[in-house]
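Here the structure comes first, spelled out in structure tokens, and everything after it is commentary.
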There are 2 protein chains.
Amino acid sequence: MKTKKAGLPVYQSIKTEMREWIQTGIWETGSLIPGEATLAKQFGCARATVNRALRELAEEGKLDRRRKAGTRVITPEGRSVNFEIPRIRLEIEETGAAYRYALLLREVVVPPADVLSKLEIPPELPTLHLRCLHYANEAPFQYEDRWINLKSIPEAEQEKFEKISPNEWLVKHVPWTDAEHILSAHNADAEKAELLSLAERDALFVIQRRTWRKENLVTYVRLYYPGRFYQMRTIL
Amino acid sequence: MKTKKAGLPVYQSIKTEMREWIQTGIWETGSLIPGEATLAKQFGCARATVNRALRELAEEGKLDRRRKAGTRVITPEGRSVNFEIPRIRLEIEETGAAYRYALLLREVVVPPADVLSKLEIPPELPTLHLRCLHYANEAPFQYEDRWINLKSIPEAEQEKFEKISPNEWLVKHVPWTDAEHILSAHNADAEKAELLSLAERDALFVIQRRTWRKENLVTYVRLYYPGRFYQMRTIL
DNA sequence: TAAACTTTTTTATCAATACAAAATCATGGA
DNA sequence: TCCATGATTTTGTATTGATAAAAAAGTTTA
């Protein structure tokens, strides 16, 4: 049963062999597979090695493991897909285009209701509101509408954000621990259409992001991209 | 330096402590951190345990490890975000709505140029083309435009796809090994608007997916969702 | 000086063993 | 029959010890 691929770590070749067994149906979905001890004997290796292979396959969502209950093959309910959301400046400069940032609005106000519900703050609490545009070769590439919780980040009130974009400032000054992303598609209203040099009702690709440091919500941002151009892609 | 949280595995508590050090800047980004042997001595545990903690933090993208070069803290270039793309039927039934599937078109034709380039097949090769609608409580929820490579999956030509949706059939019959996803926003043309009960030019959330089995491309699908309603969300 | 080797450091993997924790299964009593 | 409980099995974690592999740093040679 041993398939020693030259140079490959043992636990790796065990993983690929098991993946094969799962895909070809040698190990049927839903069925119990042999225990670690048995497999270790079959593969002629230590249990710890089999354990690592099985553990990582479980992390990949191919196996379900429970103490005493054993390990079984599972059919994934959905597909787990990993996307990279690049920093806007890098995203633009990577294409060779020149990056420019412009601040459109900076105010400290009480947010409207729809934003309030996202911010997890008591109503009436003034919050830093920023609107800015990111250009690629002088063509508008992303419109950013951001709220920063001054209770979490009081230092932000001192920053003008005229030279540095909120994102870069935050990355530099505020280490975050958790984030939530929501992707959706919307029609551009008149204001956004003009800012992004689009026609009204053109499709926008929208990323909403909330960022926390420990328990405190730091910032809520809506990023608008012209939908025709923007694509997020991934290969598993 | 030990912070033994009751019940937690040692490597876990080491991980959370190290995460802390990274976030608070005790370990500066870019800087070299102590070697495994040193850390093991500090934590009063075996080197293998420290190794597991470091390895997993590296997998999470917080550390960069190289033999001989040591381990250093890295600033992530972008954010890696994991989304679950659920199977459409489950997605609908989970909300309590009734699911219905309807086949609109089934033909074997030579694909148009834009699809050809995605399919990685020689031109003039007839391919199975399917269009279908997925309803939630009789309201159209997703429009699916799919191409299936008959060279990879000749069995598909025998299937009518009147009762079972292409996705469910494929999941059942064709184990896949790789997939590529592209997300974007588009304006609905007249045809799609009518199918999805939308106004023309309404924003659509579009998922394009290509699926391979080993080296062979199996299927290319475009999934259209009404953008106002559809949201993909994740919490890291 | 520059290229080719060698040394050495550091991480990567593996094995063998031990104990912990969880969950099933069987057993016995109410 | 049903529930509680304890034995047993299986995975999870940790330790120790050892070797392999990678790559930087140093050394030698042409």
Side-chain angles (χ1 to χ4, degrees), chain A residues 1-19 21-22 27-74 76, chain B residues 1-19 21-22 27-74 76:
Chain A
M1 273 302 146
K2 259 198 279 191
T3 315
K4 217 172 230 171
K5 301 200 179 178
L8 256 112
V10 179
Y11 82 96
Q12 285 283 4
S13 48
I14 290 181
K15 272 176 73 176
T16 61
E17 183 145 11
M18 286 179 171
R19 254 195 287 259
W21 292 352
I22 293 170
W27 280 356
E28 286 174 46
T29 62
S31 71
L32 210 64
I33 70 173
E36 291 187 349
T38 314
L39 289 168
K41 209 168 287 177
Q42 282 181 26
F43 281 105
C45 69
R47 188 170 79 87
T49 307
V50 171
N51 178 282
R52 180 161 177 191
L54 291 171
R55 171 161 39 91
E56 294 191 0
L57 285 171
E59 273 166 17
E60 287 174 27
K62 306 221 185 292
L63 298 176
D64 181 38
R65 318 198 69 201
R66 283 189 211 167
R67 282 170 162 146
K68 165 69 186 177
T71 303
R72 47 183 73 243
V73 182
I74 51 175
Chain B
M1 278 299 149
K2 260 197 279 192
T3 315
K4 216 172 233 172
K5 302 200 177 177
L8 256 111
V10 179
Y11 82 96
Q12 284 284 5
S13 47
I14 291 180
K15 273 177 72 177
T16 60
E17 183 143 11
M18 287 180 172
R19 253 195 288 259
W21 292 352
I22 293 170
W27 281 355
E28 286 174 47
T29 63
S31 71
L32 210 62
I33 71 173
E36 292 187 349
T38 314
L39 289 168
K41 210 168 285 175
Q42 282 182 26
F43 281 105
C45 69
R47 188 171 80 86
T49 307
V50 171
N51 178 281
R52 180 161 179 189
L54 291 171
R55 171 161 39 90
E56 294 191 359
L57 285 172
E59 273 166 16
E60 287 175 25
K62 309 221 183 291
L63 298 175
D64 181 38
R65 318 198 69 202
R66 284 190 208 168
R67 282 169 162 148
K68 164 70 184 174
T71 302
R72 45 183 75 243
V73 182
I74 50 175

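Lettering follows sequence order; numbering is per chain, from 1.
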Problem set entry | Closest non-hydrogen atom pair between A:Ile14 and A:Cys45, with its separation | CD1-SG, 3.8 Å
For this session: Could you check if a side-chain atom of B:Leu63 sits within less than 4.5 angstrom of a side-chain atom of B:Leu54, using non-hydrogen atoms only?
Result: yes
For this session: For the pair A:Trp21 and A:Trp27, name the ring-plane relationship: parallel under 30°, tilted 30 to 60°, perpendicular over 60°.
Result: perpendicular
For this session: Indicate yes or no for a side-chain donor-acceptor contact from A:Arg72 to the backbone of A:Gly30 under 3.5 Å, with no hydrogens or angles considered.
Result: yes
Exercise. Rounding to a whole Å, what distance do you find between A:Tyr11:OH and D:dA21:C1'?
Worked result: 13 Å
Exercise. Hey, does the side chain of B:Arg66 come within less than 4.0 Å of D:dA22's phosphate (OP1/OP2), counting only N and O?
Worked result: no
Problem set entry | Phosphate OP1/OP2 of D:dT13 contacted by B:Arg52 side-chain N/O (<4.0 Å) | yes
For this session: Using a strict cut-off of less than 4.0 Å between a Lys/Arg side-chain nitrogen and an Asp/Glu carboxylate oxygen, indicate whether B:Arg65 and B:Glu59 qualify as a salt bridge.
Result: no
Exercise. For A:Thr71 and D:dT11, is the shortest distance between a side-chain N/O and OP1 or OP2 below 4.0 Å?
Worked result: yes
For this session: Give a yes/no on whether any side-chain N or O of B:Asn51 is located under 4.0 angstrom from OP1 or OP2 of C:dT13.
Result: no
For this session: Whole angstrom is fine here: how far is it from CZ in B:Phe43 over to P in D:dT13?
Result: 17 Å
Problem set entry | Nearest atoms (heavy-atom pairs only) where B:Ser13 meets B:Thr16 | O-OG1, 3.0 Å
Exercise. What is the distance from CG of B:Asp64 to C1' of D:dA23, rounded to the nearest Å?
Worked result: 13 Å
Problem set entry | Nucleotide D:dT15, atom P - distance to NZ of B:Lys41 in whole Å | 15 Å
Exercise. Atom CZ of B:Arg65 and atom P of C:dT10: how far apart are they, to the nearest Å?
Worked result: 12 Å
Seminar exercise, completed: Residues A:Glu28 and A:Val73: closest non-hydrogen pair is O-CB, 3.5 Å
For this session: Round to the nearest Å and state the distance from B:Ile33 atom CD1 to C:dT10 atom P.
Result: 13 Å
Exercise. Roughly how many Å is it from CG in B:Leu54 to P in C:dT13, rounded to a whole number?
Worked result: 13 Å
Exercise. Given D:dT13, D:dT11, D:dA24, which nucleotide is nearest the side-chain atoms of B:Lys68?
Worked result: D:dA24
Sort me out a list of protein N/O and nucleotides 16-20 of chain D N/O pairs below 3.5 Å, or just none if empty.
residue: D:dA18; atom: N6; partner: B:Arg47; partner atom: NH2; Å: 3.4

Exercise. D:dT10 P sits how many Å from A:Leu39 CG, rounded?
Worked result: 12 Å
